[in-house]
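Chain letters run A, B, ... following the sequence lines, proteins first, then strands; residues in each count from 1.
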Amino acid sequence: MNFRKPKGTKDILPKEISKWHFVESVIREVTGLFNFSEIRTPTFEYTDLFKRGVGTETDIVGKEMYTFLDKGGDSITLKPEGTAPVMRAFLESGIYGEQNLHKLYYLTSMFRYEKPQAGRYREHTQFGGEILGSDSIYTDVELILMAKEVYNRCGISNFKIKLNSIGKPDERRNYIEILKEYLKEHLDELSEESKKRYETNTLRILDSKELGDRKITDSAPKITDHLGIESKKRFDDVVNELTRLGIESEIDFRIVRGLDYYTDTTFEFVSSDLGSQDALGGGGRYDGLIEQLGGKPCAGVGFGSGIERIIIVAEKNGFTFGMPKNPIVYFIALNDDAKKIAYSAALSLRNNNIACDTDLLNRSFKAQMRDANKLGVKYVYIIGDDEIKKQKGILKNMSDSSQIEVSFDKVRENIL
RNA sequence: GUGAGCGUAGUUCAGUUGGUUAGAACAUCAGAUUGUGGCUCUGAGGGUCGGGGGUUCGAAUCCCCUCGCUCACCCCA
């Protein structure tokens with residue numbers, strides 16, 4: 001074998017494609033129910049979009065982007081996340097001016113240069129939603145409900161919804177100072193990684209998996225205790241509304257998210273069935289992002305969810321995706337003239353939306369029968385010397401083995 | 001970038017203290033009185049033992065290097 005797929009990529013083979021079709025159809029269905037419209041943006045963007053939108057301090061931009069110079073010397077990046085490109089299109093196309101509220105979703109590949117492991121790829125597929133133009137708490141709630149509905153319809157119920165608020169930028173800056181103050185006394189107990197983050201990205205210390213770090217941050221001041229009155233109320237309203245709707249969630253002060261643009265609500269869907277990469281999806285508000293990208297101030301909230309991870313969890317739960325569709329009729333031809341007749345008859349069925357197949361390997365009668373059986377067809381239609389003489393083929397029902405003579409142009413009338 | 005585990009037919013795996021032509025199951029293909037599938041039976045094809053080097057009379061097996069895969073850290077979907 002000379003060629004391999006690039007590290008971190010995957011082939012979706014015919015036997016597993018039905019899972020993907022299923023999940024994709026659930027997403028189309030649910031986004032329709034919530035009245036979201038699909039938007040498709042390019043596979044690559046100019047690199048600056050992500051630097052500006054996502055933030056140069058984030059790991060995604062700092063070390064995980066697929067960036068290259070094209071032949072014209074422009075710096076191009078394969079999209080590592082969905083929100084910034086959608087915002088760019090939103091501004092560039094001018095659709096923001098057509099109405100005040102936009103509910104958009106996407107389903108597309110994302111690229112991050114990372115070391116692959118369970119549930120983590122260099123190219124993965126993400127489904128995400130964005131609501132633009134409103135800061136109503138119902139926009140946060142609606143996205144959470146929509147993601148939950150997709151998961152539920154894929155047979156996934158064993159996940160947790162974790163919520164947090166990281167407040168407005170000035171509230172966050174204020175809190176970071178408080179957090180730093182607290183961590184200062186424990187600085188030498190922190191892990192090496194966390195020590196580095198103390199200056200550059202203090203909040204991230206909160207979601208470190210190191211046990212030592214956890215112990216320290218367990219009793220650290222919580223951001224939700226240091227929000228302004230308005231932000232605090234907004235967060236409480238989101239939590240209360242989810243509760244009122246019967247959605248179980250828990251507040252987790254460690255959900256700070258790795259992208260710079262988030263404000264106020266952040267959330268994650270986590271499942272223990274995923275192994276170490278336990279996030280099924282996540283998102284949050286980004287009320288300052290559009291302005292940052294050159295637009296007028298515009299509220300926004302969004303989330304992204306990995307299709308591969310949805311499939312992993314659904315499978316662990318024993319969910320059965322739709323069965324692949326088998327052809328209805330298999331044409332068995334025993335000589336060259338019969339093949340011509342069979343092929344015409346097959347074409348006629350196909351034109352009438354009836355799936356069928358023929359032997360393309362010039363196999364023996366028995367081999368063709370075996371093939372038909374393997375394909376799980378309902379009928380075989382047999383044409384040989386005798387049938388050509390009579391101008392009638394044999395239509396055999398594979399489940400009860402009964403067979404009748406049917407003229408070449410009447411196959412359709414005699415099935416189902 | 002750091003660490004651990006694993007690489008033997010299409011697939012899942014055996015392979016005894018290094019010892020003849022590297023095995024099984026499943027899958028594939030072909031037969032079982034000549035034009036009928038599933039079940040059964042018989043048989044066939046298919047492997048540079050990830051690659052390279054070394055030790056040895058002899059290496060799938062021991063040593064070194066390398067590549068790949070998997071999992072974990074980091075981070076995220």
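Of the charged side-chain nitrogens involved, none lies within less than 4.0 Å of a carboxylate oxygen, so that A:Glu248 and A:Lys160 do not count as a salt-bridged pair. Here A:Lys389 does not pair with A:Glu387 in a salt bridge; the nearest charged N to carboxylate O distance is not below 4.0 Å. Under 4.0 Å is where a charged nitrogen must lie from a carboxylate oxygen, and between A:Asp48 and A:Arg52 no such pair does. A salt bridge links A:Lys103 to A:Glu142: at least one charged side-chain nitrogen sits closer than 4.0 Å to a carboxylate oxygen.
For the OP1/OP2 pair of B:C75 and a distance below 4.0 Å, the side-chain nitrogens and oxygens of A:Lys63 include no atom meeting the criterion. For B:A72, one of the phosphate oxygens OP1 or OP2 lies less than 4.0 angstrom from a side-chain nitrogen or oxygen of A:Gln117. Taking 4.0 angstrom as the limit, A:Lys374 places a side-chain polar atom (N or O) nearer than this to OP1 or OP2 of B:C29.
Rounded to an integer number of Å, the gap from A:Glu81 CD to B:A77 P is 8 Å. A:Lys115 has its NZ atom 11 Å from the C1' atom of B:C71, to the nearest Å. Atom CG in A:Asp59 sits about 11 Å away from atom P in B:C74, given to the nearest Å. For A:Arg122 and B:G1, the CZ to P distance is 9 Å, given to the nearest whole Å. Note: CD (A:Gln277) to P (B:C71) measures 10 Å, nearest angstrom. Rounded to an integer number of Å, the gap from CZ of A:Phe365 to P of B:A32 is 14 Å. Across the protein-nucleic acid pair, A:Arg363 atom CZ and B:G31 atom C1' stand 16 Å apart, rounded to whole Å. Atom pair A:Asp385:CG and B:U36:P shows a separation of 14 Å (rounding to whole Å applied).
Counting non-hydrogen atoms under 4.0 angstrom, A:Glu308 reaches nothing in the nucleic acid. Among the heavy atoms of the strands lying under 4.0 Å from A:Asp278 is at least one base atom, whether or not backbone atoms are also near. Base contact: A:Glu387 has a heavy atom under 4.0 Å from a base atom. If you check every strand for non-hydrogen atoms under 4.0 Å, A:Leu280 touches sugar and phosphate atoms only. Among the atoms of the strands shown, none is found under 4.0 Å from any heavy atom of A:Ala372. Using a 4.0 Å heavy-atom criterion, one finds that A:Gly119 contacts the bases of the nucleic acid, with or without backbone contacts as well.
In this structure B:G68 sits in a base pair with B:C6, meeting the Watson-Crick or G-U test at under 3.5 Å. Using N1 to N3 plus N6-O4 or O6-N4 for Watson-Crick, or N1-O2 and O6-N3 for G-U wobble, each under 3.5 Å, B:A30 pairs with B:U42. Using N1 to N3 plus N6-O4 or O6-N4 for Watson-Crick, or N1-O2 and O6-N3 for G-U wobble, each under 3.5 Å, B:U12 pairs with B:A24. Nucleotide B:U36 is matched to nothing when pairs are restricted to Watson-Crick or G-U wobble geometry with both distances under 3.5 angstrom. Nucleotide B:C73 is matched to B:G1 when pairs are restricted to Watson-Crick or G-U wobble geometry with both distances under 3.5 angstrom.
Note: A:Phe34 and A:Phe36 have perpendicular aromatic rings, judged against thresholds of 30 and 60 degrees for the angle between ring planes.
For A:Leu334, the side-chain atoms get nearest to B:G35 when compared with the rest of B:G35, B:A77, B:A72. The side chain of A:Arg4 lies closest to B:C67 when the candidates are B:C67, B:A77, B:G35. Here the nucleotide nearest the side chain of A:Asn373, chosen from B:G38, B:A77, B:U36, is B:G38. Minimum atom distance to the side chain of A:Lys366 is reached by B:A32, of the listed B:A32, B:A77, B:C74. Side-chain atoms of A:Asp386 lie closest to B:G35 of the nucleotides B:G35, B:U36, B:C75.
In terms of polar N and O atoms assigned as donor or acceptor, the side chain of A:Gln368 never comes within less than 3.5 Å of the base of B:U36 in a complementary pairing. For B:C75, the base has no donor-acceptor partner in the side chain of A:Arg112 [N/O atoms by modelled type, under 3.5 angstrom]. Below the 3.5 angstrom threshold, one finds a donor paired with an acceptor across the side chain of A:Arg120 and the base of B:C74. Between the side chain of A:Glu114 and the base of B:C74, no donor-acceptor pair under 3.5 Å is found.
Taking the six-membered ring for Trp and the full ring otherwise, the centers of A:Tyr151 and A:Phe159 sit less than 6.0 Å from each other.
Side-chain atoms of A:Glu45 and A:Thr77 form no donor-acceptor pair, as typed in the model, at a separation below 3.5 Å.
Residue order along RNA chain B, read from the 5' end via each residue's closest nucleotide, puts A:Ile394 first among A:Gly8 and A:Ile394. For the pair A:Tyr121 and A:Leu274, both in contact range of RNA chain B, the more 5′-proximal nearest nucleotide belongs to A:Leu274.
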